[in-house]
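The block underneath contains the structure these notes are about, expressed in structure tokens.
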Amino acid sequence: MKPTVAFIGLGAMGYRMAAHLPQHFDTVMVWNRNFAKAQQHAAQYATLAVELQQAAQADLIFSCLPTSADIDTILAQVQCQAGSIWIDCTSGVPEAAQRQAALLKQQGVSFLDAPVSGQTIGAEKASLTFMVGGEADAFERAVPAMQAMGHLIRHVGQSGSGFAVKAVNNMMMAVHLCAAAEGFTTLKAHGVNLQQALDCINASSGKSGVTESALPDRILNRSFPLTFALGLLAKDTGIAIDLVHEAKLSAPVTAVTQSLIQAAYATSEANSDFSAAVKMYESWSKITIE
Ligand code: NDP
């Protein structure tokens, strides 16, 4: 018999991720704090909008909330079935994953930290990357369900490792974002054609995910569409710098980038997309990247 599946948290990512599950599983339950969203999901994708406790009874329980603290709040309210697996797709805190895994183990439940990468478009196209920490046998059992929403599914280590990889990935993306803001304000100050410069850089060694997608699709066209909130990126760079400190390492680029992203978030308009971090550089230089 196919396992029952639940998805908790139908935000920008979760709403789109959960939409693929009914194609692969007979019973797909959804829960969202604002319950109208769960009902809308059920009407749109033939999922079942259920109470939180009922969702927690599934064989495979996915969650995707802003922070590990939000997951703590949910875990405190539910009791799961022994033998089930909780797969948390939040970009969370490694230490919290270890604590949450230990808590659920008392109920006979496995916990995988399974953050994703690929943005909302990847969630929509089921092409996400899953970076997963936790016990290998639970990972193997959860792979088919993750494959319904993702393309590259990797077990990266013990509990917390998935969250660590995600934090470092997003910190590196933030480094590229700051570098692109500095590079493109400098080029504009020198009267360079930014679109042509971007084409050259994207065929050269300075290219990155930021130059290939955020710059052309969000920044140069001044659209800054809100799909990944700047506050969430600030949370991720915070997790990354904590990892550096816990390992007693020196990481000056991470430290500066974390400060820059925090400052950009503090001075940004409410509900800004991550790409709007470049506006801080624009306000300093009085140069607009367009
Ligand atoms: P959103 O802000 O769009 O959605 C957040 C979801 O969590 C909503 O369903 C919200 O419910 C729910 N929620 C928030 N707080 C609580 C709480 N205390 N209790 C219960 N439910 C709560 O976030 P995203 O979907 O963008 O991000 C989710 C996670 O995925 C984050 O950790 C983020 O860093 C990560 N991520 C995001 C990507 C993106 O491109 N957006 C890409 C990769 C990872 P309600 O509707 O009631 O407000």
Side-chain angles (χ1 to χ4, degrees), residues 1-9 13-14 16-31 55-65 67-68 70-72 74-75 78-119 122-123 125-170 236 239-240 243 246:
M1 229 170 72
K2 284 186 183 172
T4 56
V5 186
F7 207 109
I8 292 170
M13 294 300 286
R16 293 166 169 88
M17 290 167 72
H20 301 291
L21 293 170
Q23 293 157 36
H24 303 268
F25 297 94
D26 298 333
T27 305
V28 179
M29 296 176 269
V30 291
W31 179 84
Q57 298 307 301
D59 299 316
L60 300 170
I61 306 137
F62 283 91
S63 52
C64 190
L65 302 183
T67 67
S68 286
D70 297 320
I71 297 295
D72 282 336
I74 295 294
L75 289 178
V78 297
Q79 183 76 28
C80 303
Q81 285 192 83
S84 61
I85 308 175
W86 192 297
I87 305 149
D88 184 26
C89 303
T90 303
S91 299
V93 177
E95 174 274 324
Q98 290 158 10
R99 189 167 37 73
Q100 290 160 349
L103 178 84
L104 284 171
K105 202 168 186 175
Q106 292 169 11
Q107 299 174 27
V109 176
S110 301
F111 178 89
L112 297 171
D113 46 301
V116 295
S117 176
Q119 304 197 343
K125 294 187 169 171
S127 62
L128 294 170
T129 298
F130 280 76
M131 40 208 99
V132 188
E135 289 166 5
D137 60 331
F139 169 77
E140 292 302 336
R141 284 192 288 141
V143 163
M146 291 187 278
Q147 274 170 339
M149 300 176 282
H151 181 60
L152 184 75
I153 323 285
R154 284 288 157 86
H155 184 231
V156 295
Q158 62 192 13
S159 191
S161 306
F163 286 163
V165 174
K166 177 66 185 174
V168 168
N169 176 77
N170 279 22
D236 295 335
I239 297 170
L243 287 174
E246 284 161 24

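Fair warning: this is a prediction, and the values are worked out from it, not measured in the lab. Heads up: numbering here begins at 1 and tracks the sequence.
Shown here for Q79 and Q57, the closest heavy-atom pair between the two residues is O-NE2, 2.7 Å. A114 and F130 make their closest contact through O-CD2, 3.8 Å (heavy atoms, listed as atom of the first residue, atom of the second, distance). Across all non-hydrogen atoms, the minimal contact from V30 to A18 is CG1-CB, 4.2 Å. Considering every non-hydrogen atom in both A123 and H20, the closest pair reads O-NE2, 2.8 Å.
In terms of the side chain to side chain donor-acceptor pair (under 3.5 Å) criterion, residue partners of Q119 (sequence neighbours excluded) are, by chain and number, R218. Under the side chain to side chain contact (heavy atoms under 4.5 Å, CB included) criterion, A55 pairs with A6, I8, W31, V50, sequence neighbours left out. Residues passing the side chain to side chain donor-acceptor pair (under 3.5 Å) test with N169: none are found, sequence neighbours excluded. The side chain to side chain contact (heavy atoms under 4.5 Å, CB included) search around A167 returns I239, A240, L243, not counting sequence neighbours. Contacts of E95 classified as side chain to side chain donor-acceptor pair (under 3.5 Å), with partners at least two apart in sequence or in another chain: R99. Shown here are the salt bridge (Lys or Arg N to Asp or Glu O under 4.0 Å) partners of R141, two or more places apart in sequence or in another chain: there are none. Evaluation of the ring pair (Phe, Tyr, Trp, His ring centres under 6.0 Å) rule for F163 yields no partner, not counting sequence neighbours. Shown here are the salt bridge (Lys or Arg N to Asp or Glu O under 4.0 Å) partners of K105, two or more places apart in sequence or in another chain: E135. Under the rule for a side chain to side chain contact (heavy atoms under 4.5 Å, CB included), P144 has no partner lying at least two apart in sequence or in another chain. D236 pairs by the side chain to side chain donor-acceptor pair (under 3.5 Å) definition with N170, not counting sequence neighbours.
Contact of the D113 side chain with the F111 side chain is registered, since non-hydrogen atoms from C-beta on lie closer than 4.5 Å. F62 is not listed as a side-chain neighbour of M17, based on a closest heavy-atom distance of 4.5 Å or more. Side-chain atoms of V5 and H24, non-hydrogen and from C-beta on, never get closer than 4.5 Å to each other.
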Identify each donor-acceptor pair in which a side-chain atom of residues 146-159 lies under 3.5 Å from a protein atom, sequence neighbours left out, and give them as a table.
residue	atom	partner	partner atom	Å
H155	NE2	G134	O	2.7
H155	NE2	G157	O	3.2
S159	OG	A97	O	3.4

Sequence neighbours left out, cut at 3.5 Å: what donor-acceptor pairs do the side chains of residues 84-91 make with other protein atoms?
residue	atom	partner	partner atom	Å
S84	OG	Q81	O	2.7
W86	NE1	S63	OG	2.8
D88	OD1	S63	OG	2.8
D88	OD1	T90	N	3.2
D88	OD1	T90	OG1	2.7
T90	OG1	L65	N	3.0
T90	OG1	L65	O	3.2

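The OG atom of S110 sits 10.5 Å away from the CD1 atom of I61 when rounded to the nearest 0.5 Å. Considering NZ of K2 and OG1 of T27, their distance stands at 10.0 Å, rounded to 0.5 Å.
A distance-only check finds a donor-acceptor pair linking the side chain of S68 to the backbone of V93 [under 3.5 Å]. For the pair Q107 (side chain) and C80 (backbone), a donor-acceptor distance under 3.5 Å is present.
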